[in-house]
Amino acid sequence: RTLLTINRMRASSSDDEDMVELRRLSDMASKHSEPVLLNFIRDGRLMTQARAIEVLNRIPFGAETAQALIELVKAGAYTNGWRAAELLGQRRIKAAIPALREGLLSEDPFLAGKCMLALARLNDKASAPLIRRLFREADNPRIVVHGALALQAIRDPQDIPLILGKAVEYKWQTFVVEELCLALAAIYGCRRSVHHWLKRQRRIDGTGGRAEFPCPDFGSAQPEIQRFLATHPWAHLPPSLRITLLQIQEQRRDIDK
């Protein structure tokens, strides 16, 4: 069936026909799909190219396809380069590092954000200072969220004050603050519990209720949290950040027992 679908795609003459056959190929994704998917990645039509990358995500692929994805990242802003960057990072394709580094400075927040995360996943330590600077200076929510995910992947405790500081910039929507909190929780090793309590808080918010979070004793908290709370009053913190700090403190107490 896969070979039959590939033959149909080679004979197709319109974008609509290509999309129908790509959907069929997605249902049957196999190693035999790679040559035709490679053709679509090189084809340049935005929608079919995007669909081909989506299907490619479900199969193993070789160096030639990886290089085509790298070239797509190099194509720059407002292309499917961001989709290619995401896949290259997921597959840990180290040959993509130079192109991903260039993409960090793209004017396209989709591409720059995915390059941040991909380089973090590839453990490209040389890119870490620029990722931190872009995150610190960002005013685009997409860059902030992907920067937080990148710092979560890097998992360096020195980034904790940076994430805390970003979480109290009050222009962010709730979902952005929650992503920052989850990145913070991951560095501390309590992401699962924070995620649980954030979901619970959303349910309370949805019913018009209001949860109270009295300030606990943070005297035994980590030094970076004590320094943060010394300059940021508890009552002024976003609820999701208070939840996160409470869970971090709870974990610290459990460890100390």
Side-chain angles (χ1 to χ4, degrees), residues 104 109 112-113 116-117 119-120 123 125-206 209-257:
L104 280 177
M116 292 171 85
L117 181 53
L119 287 164
N123 196 31
K125 296 186 185 301
S127 297
L130 180 54
I131 290 171
R132 291 185 179 105
R133 180 171 70 79
L134 292 171
F135 175 76
R136 183 184 300 109
E137 298 174 357
D139 57 11
N140 182 293
R142 191 169 185 88
I143 298 295
V144 173
V145 168
H146 281 79
L149 291 170
L151 296 179
Q152 175 182 322
I154 293 170
R155 286 184 183 263
D156 189 332
Q158 75 167 329
D159 294 324
I160 290 168
L162 184 58
I163 298 172
L164 284 167
K166 208 67 178 175
V168 292
E169 291 183 15
Y170 294 108
K171 57 191 171 184
W172 306 124
Q173 294 171 275
T174 299
F175 84 91
V176 177
V177 179
E178 288 189 356
E179 289 291 346
L180 290 164
C181 289
L182 289 169
L184 186 66
I187 294 174
Y188 279 109
C190 57
R191 189 182 189 281
R192 180 175 295 181
S193 64
V194 169
H195 187 237
H196 166 77
W197 283 101
L198 290 178
K199 287 196 297 182
R200 183 172 177 178
Q201 176 63 28
R202 284 196 295 270
R203 287 196 293 270
I204 293 172
D205 292 342
R210 182 178 179 180
E212 297 295 333
F213 304 105
C215 183
D217 178 11
F218 280 98
S220 62
Q222 291 85 343
E224 63 273 9
I225 291 179
Q226 292 186 28
R227 286 192 293 270
F228 173 76
L229 291 173
T231 55
H232 296 84
W234 180 259
H236 295 171
L237 301 181
S240 52
L241 183 55
R242 280 182 271 170
I243 288 171
T244 303
L245 293 175
L246 284 168
Q247 290 304 304
I248 292 170
Q249 180 69 352
E250 187 65 28
Q251 176 182 259
R252 177 66 176 262
R253 288 197 188 100
D254 290 342
I255 292 172
D256 290 342
K257 284 180 181 177

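If you're wondering where the values come from, they're calculated on a predicted model, not measured in any experiment.
Partner of C181 under the side chain to side chain contact (heavy atoms under 4.5 Å, CB included) criterion, chosen from L245, T244, I243: T244.
Of all heavy-atom pairs between I131 and A150, the closest is CG2-CB, 4.0 Å. Considering all non-hydrogen atoms of both residues, P141 and V176 come closest at CB-CG2, 3.9 Å. The shortest heavy-atom contact between V194 and A185 is CG2-CB, 3.5 Å. Annotation for P109 and I143: closest pair O-CD1, 3.6 Å, computed over non-hydrogen atoms. Residues A167 and P238 come closest through the heavy atom pair O-CG, 3.7 Å.
Expressed to the nearest 0.5 Å, how far CG of L184 lies from CD1 of I160 amounts to 6.0 Å. Remark: L162 CG to E224 CD distance equals 13.0 Å, nearest 0.5 Å. Residue L130 holds its CG atom at 8.0 Å from CE of M116, rounded to the nearest 0.5 Å. Between R192 atom CZ and H195 atom NE2 the span is 11.0 Å, to the nearest 0.5 Å. Once rounded to the nearest 0.5 Å, the distance linking CZ of F228 with CG of L241 reads 5.0 Å. Considering CG of L117 and CG of L151, their distance stands at 10.5 Å, rounded to 0.5 Å.
A donor-acceptor pair under 3.5 Å is absent between the side-chain atoms of Q247 and the main chain of C190, judged by distance alone. A distance-only check finds a donor-acceptor pair linking the side chain of Q226 to the backbone of A221 [under 3.5 Å]. At least one donor-acceptor pair under 3.5 Å links the side chain of R242 to the backbone N or O of L237. Formation of a donor-acceptor pair under 3.5 Å by the K166 side chain with backbone atoms of F135 is found in this model. In this structure, the side chain of E178 does not engage the main chain of K199 through any donor-acceptor pair within 3.5 Å.
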Given the rule in the side-chain contact (heavy atoms from CB on, under 4.5 Å) test, do S127 and L104 qualify, once you have shown the distances and angles that lead to the verdict?
CA-CA 9 Å; S127 297; L104 280 177; 4.3 Å; yes
What's the verdict on side-chain contact (heavy atoms from CB on, under 4.5 Å) for L246 and W197, showing C-alpha distance, side-chain angles and the deciding distance?
CA-CA 10 Å; L246 284 168; W197 283 101; over 6 Å; no
Is there a side-chain contact (heavy atoms from CB on, under 4.5 Å) between H232 and L164 once you walk through the steps?
CA-CA 10 Å; H232 296 84; L164 284 167; over 6 Å; no
Quick one: do L198 and R202 satisfy side-chain contact (heavy atoms from CB on, under 4.5 Å)? Show the steps, please.
CA-CA 6 Å; L198 290 178; R202 284 196 295 270; 4.3 Å; yes
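The side-chain hydrogen bond (donor to acceptor under 3.5 Å, both in side chains) analysis of residues 133-153, with sequence neighbours excluded, yields the pairs K114-H146, R133-E137. Within the structure, the ring pair (Phe, Tyr, Trp, His ring centres under 6.0 Å) test picks out no pair touching residues 155-178 (sequence neighbours left out).
A heavy-atom distance below 4.5 Å is not found between the side chains of T174 and Q201. Using a 4.5 Å cut-off on side-chain heavy atoms (C-beta onward), I248 and Q222 make contact.
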